[in-house]
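Worksheet: one structure, shown below.
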Amino acid sequence: IYLQYTGGTTCLSKGAALSHGNMVSNIMMYEAVASEVTTPGKDIIITALPLYHIFALMLNCISYFKFGGLNVLITNPRDMPGFVAEMAKWKFTAISGVNTLYNGLLHTPGFADLDFDHLKIAWGGGAAIQRVVSDKWLQHTGQHIKEGYGLSETSPVLTLNPISDKRFTETVGYPMPNTELSLRDDDGAVAAEGEAGEIWARGPQVMQGYWRNEEATASVMSEDGFFKTGDVAIYTQDGYYKIVDRKKDMAIVSGFNVFPAEVEGVLGAHPDIAEVVVVGTPHPHTGEAVRAYVVTRNGVHLD
C-alpha cells in the first residue's frame, strides 16, 4: 500500500491508500491513451512539479520510468530564468504542469527561443488551464496544452483530453479506459441530461480507502463502489466532461489544494484576531488565491 496524503476540510490530512494494482492500472491507462506520443527509451520529460504530488509521481516519474524515459528534475521552478536555461539543455519530448507554471514560462525571457521541435505533448492538471495560456502555448510550440482531471484518491487520472483532438476544449476530456463516471445530484440520483452533477468515479485506480479512517472512507464511497469526488461537472455534446464547481470547501492555488480551515487556524492564533473566515477568490496568476475576513480584538488595525 502506498499512502498519498491529501487534505480535508477538517484540517486533518487523510492517507489515500493506493494499492500496487491501483497505481499500475493508472500507468497502463496512460500508456493506452498516450502511446502515440511516447517512444520507449527515447522520451525526455520536464518535471517541475514536486514528486510528492500524485500527478508528477504517477505521470512523470513512474510512467516514464516504465517507458525508459528520462525525467529532467527542475529543483526550483520559481526561478523561471533558471528553469528556462535548464530546458534549453534538453531535446525534451513532454512536459507536465499547472496553469501557473505554464503562464510563468510564457512570460520568461528566453522561453520563446527554446527548441520545441521534439515536443510531443504538454499535459495540464491540478487546476483549470486558462484558454489564454493554452493559446499562447500554441503560438510558441505549435500545440495546445492537454488538460486532464484526477485526484489523490484515484491514483490520480480519471480523464484526459484525447491527443487526436487538436482543439483547446475547455474541458477535462474523456474518462480513462475501464473508468466509469456518473454525474449525481445531491440525493445521489443520476443527474438529468444536460444538468450539472457531482462526479462519481469507479475503476481500478480508485483507492482502497482512507488509511485507518473508516468514517471518512464511508463518507466518500457509495454502496456500489463509486468514489464521490466532490467536483461538479456537466457532460458536453462531444462526450467530454467540463468541471463547473466544487462541493469541497477549498481553494486551488497554482494547482495545490488550500483548505480554508487550515489558514483560519493559523490566522486565528494571532493575538489581535478575534474571528476569521477564509475563502477562495479568483486570481489572474495563480487561478485562485485565499482571502481572509477578520474581526480584530479591541478595534486593533491590521495591515
Side-chain angles (χ1 to χ4, degrees), residues 30 34 37-38 42-61 63-64 67 69-150 156-157 160-161 163 165-173 243 251-258 282-289:
Y30 177 71
V37 291
T38 56
K42 300 292 186 181
D43 284 305
I44 300 174
I45 187 167
I46 301 295
T47 302
L49 299 179
L51 294 179
Y52 62 75
H53 197 293
I54 188 69
F55 180 17
L57 178 70
M58 191 290 293
L59 179 72
N60 297 52
C61 182
S63 291
Y64 278 83
F67 305 148
L70 172 69
N71 270 262
V72 177
L73 302 183
I74 307 299
T75 55
N76 182 15
R78 288 185 173 86
D79 173 14
M80 283 290 172
F83 188 170
V84 170
E86 187 62 33
M87 291 176 71
K89 302 175 185 177
W90 303 92
K91 296 179 180 179
F92 53 92
T93 62
I95 184 173
S96 68
V98 296
N99 188 78
T100 313
L101 182 140
Y102 286 121
N103 194 40
L105 286 174
L106 288 164
H107 289 87
T108 301
F111 175 78
D113 300 323
L114 293 176
D115 177 7
F116 298 105
D117 288 347
H118 298 84
L119 181 64
K120 295 185 287 186
I121 193 71
W123 292 115
I129 299 295
Q130 297 171 336
R131 174 173 286 278
V132 64
V133 172
S134 191
D135 284 347
K136 288 181 179 178
W137 188 265
L138 173 68
Q139 291 173 17
H140 288 296
T141 71
Q143 56 185 277
H144 276 297
I145 300 167
K146 292 291 185 185
E147 189 171 355
Y149 164 70
V157 186
L160 284 176
N161 267 273
I163 293 165
D165 192 338
K166 304 305 180 184
R167 303 172 298 161
F168 181 70
T169 65
E170 293 187 289
T171 75
V172 294
I243 308 292
I252 296 183
V253 181
S254 297
F256 290 91
N257 297 348
V258 177
H283 191 279
H285 301 303
T286 59
E288 286 187 314

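Since the model is a prediction, treat every value here as computed from it, not as a measurement.
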Legend entry - Side-chain donor or acceptor of S254 paired with backbone N/O of T100 under 3.5 Å: no
Inset, instruction - Would you give the length of the straight line joining atom NE2 of H118 to atom NZ of K42, rounded to the nearest 0.5 angstrom? - result: 11.0 Å
Inset, instruction - Would you check if there is a donor-acceptor pair between the side chains of T38 and D43 at a distance under 3.5 Å? - result: no
Inset, instruction - State, with a plain yes or no, whether a side-chain heavy atom of L101 is found less than 4.5 Å away from one of F83. - result: yes
Legend entry - Check: V133 main-chain N/O paired with N103 side-chain donor or acceptor under 3.5 Å: no
Legend entry - Whether E288 side chain and I252 backbone form a donor-acceptor pair below 3.5 Å: yes
Legend entry - Evaluation steps, side chain to side chain contact (heavy atoms under 4.5 Å, CB included), between I45 and F67: CA-CA 11 Å; I45 187 167; F67 305 148; over 6 Å; no
Inset, instruction - Run the salt-bridge test on K91 and D117 with the 4.0 Å N-O cut-off and return the result as yes or no. - result: no
Inset, instruction - Kindly give the heavy-atom pair with the smallest separation between G173 and N161, and that separation in Å. - result: N-ND2, 3.5 Å
Legend entry - Atom pair CG (N60) and CG (N71), whose distance is rounded to the nearest 0.5 Å: 5.5 Å
Inset, instruction - Compare every heavy atom of P50 with every heavy atom of A56, then report the nearest pair and how far apart it is. - result: CB-O, 3.5 Å
Inset, instruction - Check step by step if side chain to side chain contact (heavy atoms under 4.5 Å, CB included) holds for H107 and M80. - result: CA-CA 9 Å; H107 289 87; M80 283 290 172; over 6 Å; no
Legend entry - F111/F116 aromatic ring centres below 6.0 Å: yes
Legend entry - Short side-chain to backbone donor-acceptor contact, D115 and A88, under 3.5 Å: no
Inset, instruction - Indicate the ring-plane relationship of F256 and Y52, choosing parallel, tilted or perpendicular according to the 30° and 60° boundaries. - result: tilted
Inset, instruction - Could you tell me the separation between the CG atom of L73 and the CD atom of E86, rounded to the nearest 0.5 Å? - result: 9.5 Å
Inset, instruction - Let me see the working for T47 and I74 under side chain to side chain contact (heavy atoms under 4.5 Å, CB included), right down to the final yes or no. - result: CA-CA 6 Å; T47 302; I74 307 299; over 6 Å; no
Inset, instruction - Scan W123, F168, Y102 and name whichever one has a ring-ring contact (aromatic ring centres under 6.0 Å, His included) with H144. - result: F168
Legend entry - Any S96 side-chain heavy atom under 4.5 Å of L49 side chain: yes
Legend entry - Between CG on residue L70 and OH on residue Y64, distance to nearest 0.5 Å: 12.0 Å
Inset, instruction - Over all heavy atoms of both residues, which pair between Q130 and N99 is shortest? Give the atoms and the distance, please. - result: N-OD1, 2.8 Å
Legend entry - Nearest non-hydrogen partners of F55 and G125, listed with the distance: CE2-N, 3.8 Å
Inset, instruction - Look up atom CD1 in I129 and atom CD1 in I145, then write down how far apart they are to the nearest 0.5 Å. - result: 5.0 Å
Inset, instruction - Output, in order, the C-alpha distance, side-chain angles, deciding distance and verdict of side chain to side chain contact (heavy atoms under 4.5 Å, CB included) for F92 and V72. - result: CA-CA 9 Å; F92 53 92; V72 177; over 6 Å; no
Legend entry - Heavy-atom check, side chain of D79 versus side chain of N76, under 4.5 Å: yes
Legend entry - L138 side, atom CG; R131 side, atom CZ - distance, nearest 0.5 Å: 10.5 Å
Legend entry - Side-chain (Q143) to main-chain (L119) donor-acceptor, under 3.5 angstrom: yes
Legend entry - Within-4.5 Å side-chain heavy-atom neighbours: M87 and I46: yes
Legend entry - Whether T93 side chain and I44 backbone form a donor-acceptor pair below 3.5 Å: yes
Legend entry - Test item: L105 and V84 side chains (from C-beta on) under 4.5 Å apart, heavy atoms: yes
